[in-house]
Number of protein chains: 2
Amino acid sequence: MRQLSQSTASIVYNGLRQKIIDLTLKPGALLVEQKLAHEYGVSRTPVREVLVWLASEGLVEILRNRGAMVAPIRVDAVRTAQFVRESLEVSVALTAAKNMNALARLKLSHAIEEQELANAEGNAELFYQADEAMHLEIAQIAGLPLVWGYIEEAKVQMDRVRRLSLSQAQSFDKLIAQHRRIVSAIAANDPVEITDSLNAHLRQVLPDIDALRRNRPEYFDEDAQDRPVSSTLHGQTVAGLA
Amino acid sequence: MRQLSQSTASIVYNGLRQKIIDLTLKPGALLVEQKLAHEYGVSRTPVREVLVWLASEGLVEILRNRGAMVAPIRVDAVRTAQFVRESLEVSVALTAAKNMNALARLKLSHAIEEQELANAEGNAELFYQADEAMHLEIAQIAGLPLVWGYIEEAKVQMDRVRRLSLSQAQSFDKLIAQHRRIVSAIAANDPVEITDSLNAHLRQVLPDIDALRRNRPEYFDEDAQDRPVSSTLHGQTVAGLA
DNA sequence: CCACCGTAAATTGTATACAATCTACATTTT
DNA sequence: AAAATGTAGATTGTATACAATTTACGGTGG
């Protein structure tokens, strides 16, 4: 995100990643190196490098000698991501609650205010930013900013489902209310309420999965049992290596 | 690990990864593409691809236009990894405890027996395998096998510290005892004991960090505040892209 | 003596060329 | 007709060549 020094590869990376996340490129879509190279006006070399990066993030799937595709949505992978995110966010919030002080309180209420502004303006992009900022802020209060990287890794698996779901239409008002409850619970250092409020917030994706699989089965991939559990990447086939 | 079809890149990947993990290549060691290519008798292309993979695992750090190095150990990154692993393993174990049945009990006791065999034979490699297999088995009992991928990602950050630490010398007997305690707690579905036993098992790395930083400061890198929190990789500089 | 260029070597970033592999389809065989 | 096989095209995997950037070092001027 930082360091816009703009290597050729970084342009391709940002462009492709955006298109995958905002679903311009649908799950399962084939990614032919030559075509991408031509599209971005570069050679295949940086394109390949980018595909490897995206594969390590779980956004692309590479099949050895057979090409790359936008990662299909896997029910197992999304459920796992939900579990991971919930576990980590609850742990982080419980830790943050022990570290609360006046400044932390202020920062969290500011984050909420920014969400309300974005909502009032109808600026979705700004809202998502403020949303992420709040979750990151909680991690920072907990003294564990680097945990956010792990959480984001799980989050991407859920984001496409959320964006595809109709329930996405549920207005930001509801989300802000949930955020308020979370922040209050942290400020009050109430472990049970912290856990409950975060669970309520993060588990919305679960019913969405089933609804989506019914409406758009073509975006899904039946979770194959024969898929090897890779040593370091989750839910991904690592046929490209290993 | 599977799919030994052996592309050129996979050979380099397995070789390099092993050398980094077993510390043949020390943290901070420079990785010059040309030298690696010559060493493995291949061209720079697959070497670069491998470096990107390893960077996404957190084992290599790539500095844009300045080359790659074996990732230095970062105190923050190791502490974070410990937090993440603990959080996930406890959550998984609590879930597994609810799913216990005769078969699951059997599999866990088998895993312990294999560890005892490895210990009796003095076969460290086998022990580590059995150790991992047990943790993975717990995830499978919980119905969440894919969580293991996330855990492993954190685990690598801790493994080099453990291997460098003198406390590593603590015989396997102690580890097996800890494993027994964990398995008993899961079998008894005793949430508090599950949490305590796992914490005791996983927190050993924390005192090791300080001792190691005193003995081998050259392997460490002061945790830079100016390092951007990347969107998807944790504790890593992503200067190579973004 | 120190700071400030400026150039050369080393190294990475990208492009292109070639080899290996896979897919699809036509042909042959049973 | 169905199955097997062979071949052409497309696509990926790897090697090599070239461009861009960084680093080190020596000269120059202050």
Side-chain angles (χ1 to χ4, degrees), chain A residues 2-17 25 28-56 59-72 224 226 233 236-242, chain B residues 2-17 25 28-56 59-72 224 226 233 236-242:
Chain A
R2 198 80 69 80
Q3 186 89 354
L4 349 166
S5 53
Q6 297 307 43
S7 67
T8 302
S10 73
I11 297 170
V12 179
Y13 173 79
N14 292 323
L16 248 182
R17 188 170 200 277
L25 285 168
L30 267 74
L31 301 170
V32 178
E33 296 174 1
Q34 191 63 268
K35 287 185 183 173
L36 291 172
H38 188 263
E39 184 176 333
Y40 285 96
V42 300
S43 77
R44 275 177 58 211
T45 312
V47 169
R48 272 182 74 84
E49 191 166 318
V50 165
L51 291 177
V52 170
W53 270 107
L54 291 171
S56 79
L59 290 174
V60 158
E61 208 158 293
I62 297 174
L63 288 83
R64 184 185 167 79
N65 279 326
R66 304 181 56 188
M69 69 172 87
V70 178
D226 57 0
L233 305 168
Q236 298 313 124
T237 350
V238 200
L241 290 169
Chain B
R2 201 79 69 79
Q3 185 89 354
L4 346 167
S5 52
Q6 297 306 41
S7 67
T8 302
S10 73
I11 297 170
V12 179
Y13 174 78
N14 291 322
L16 248 182
R17 189 170 199 276
L25 284 168
L30 268 74
L31 300 171
V32 178
E33 295 174 2
Q34 190 64 267
K35 288 185 182 173
L36 291 172
H38 187 264
E39 183 175 335
Y40 285 95
V42 299
S43 78
R44 277 177 56 212
T45 311
V47 169
R48 272 181 75 84
E49 192 165 317
V50 165
L51 290 177
V52 169
W53 271 107
L54 292 171
S56 79
L59 290 174
V60 158
E61 209 158 292
I62 297 174
L63 288 83
R64 184 185 167 79
N65 280 324
R66 302 180 60 194
M69 70 172 86
V70 178
D226 58 0
L233 305 167
Q236 300 311 122
T237 350
V238 200
L241 289 171

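What's counted below: heavy atoms across the whole structure, side chains too, no hydrogens, waters or symmetry copies. Every chain is numbered from 1, with letters handed out A, B, ... down the list of sequences.
Taking CG of A/L25 as the reference point, atom CG of A/L31 lies at 6.5 Å (rounded to 0.5 Å). Taking CG of A/L16 as the reference point, atom CG of A/L59 lies at 10.0 Å (rounded to 0.5 Å). Atoms OG and CD, from B/S43 and B/Q34 in turn, are 9.0 Å apart once rounded to the nearest 0.5 Å. For the atom pair CG (A/L63) and CE (A/M69), the distance works out to 5.0 Å, reported to the nearest 0.5 Å.
Smallest separation of non-hydrogen atoms from A/A9 and A/V50: O-CG2, 3.4 Å. Considering every non-hydrogen atom in both B/A37 and B/R44, the closest pair reads CB-N, 3.9 Å. Taking all atoms of both residues into account, the shortest heavy-atom contact from B/Y40 to B/G15 is OH-C, 3.4 Å.
Atoms CD (B/E33) and C1' (D/dT16) sit 14 Å apart, rounded to a whole Å. Put simply, NE2 on B/H38 is 14 Å from P on C/dT11, counting in whole angstrom units. Counting to the nearest Å, the P atom of C/dG13 and the CD1 atom of B/I62 are 8 Å from each other. In this structure, CG of B/L63 is placed 12 Å from C1' of C/dT12, rounded to the nearest angstrom.
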Checklist line | Annotated protein contacts, base or backbone, on nucleotides 17-24 of chain C with a non-hydrogen cut-off under 4.0 Å, one of B, S, - each | finding: B---SSS-

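Partners of A/E39 by side-chain hydrogen bond (donor to acceptor under 3.5 Å, both in side chains), not counting sequence neighbours, listed by chain and number: A/K19.
Along DNA chain C, the nucleotide nearest B/Q34 and the nucleotide nearest A/S43 are compared for position; the residue whose nucleotide lies closer to the 5' end is B/Q34.
Fit an axis to the five pairs at each end of the helix from C/dC1-D/dG30 to C/dT30-D/dA1 and the two axes sit 10° apart, to the nearest 10 degrees.
The phosphate of C/dG13 (OP1 or OP2) has no side-chain N or O of A/T8 nearer than 4.0 angstrom. An OP1 or OP2 oxygen of D/dT12 is reached within less than 4.0 angstrom by no side-chain nitrogen or oxygen of A/R48.
The side chain of A/P46 sits closest to C/dA15 out of D/dA15, C/dA15, D/dT12.
Counting any heavy atom pair closer than 4.0 Å across all strands shown, B/L31 reaches sugar-phosphate atoms only and no base atom.
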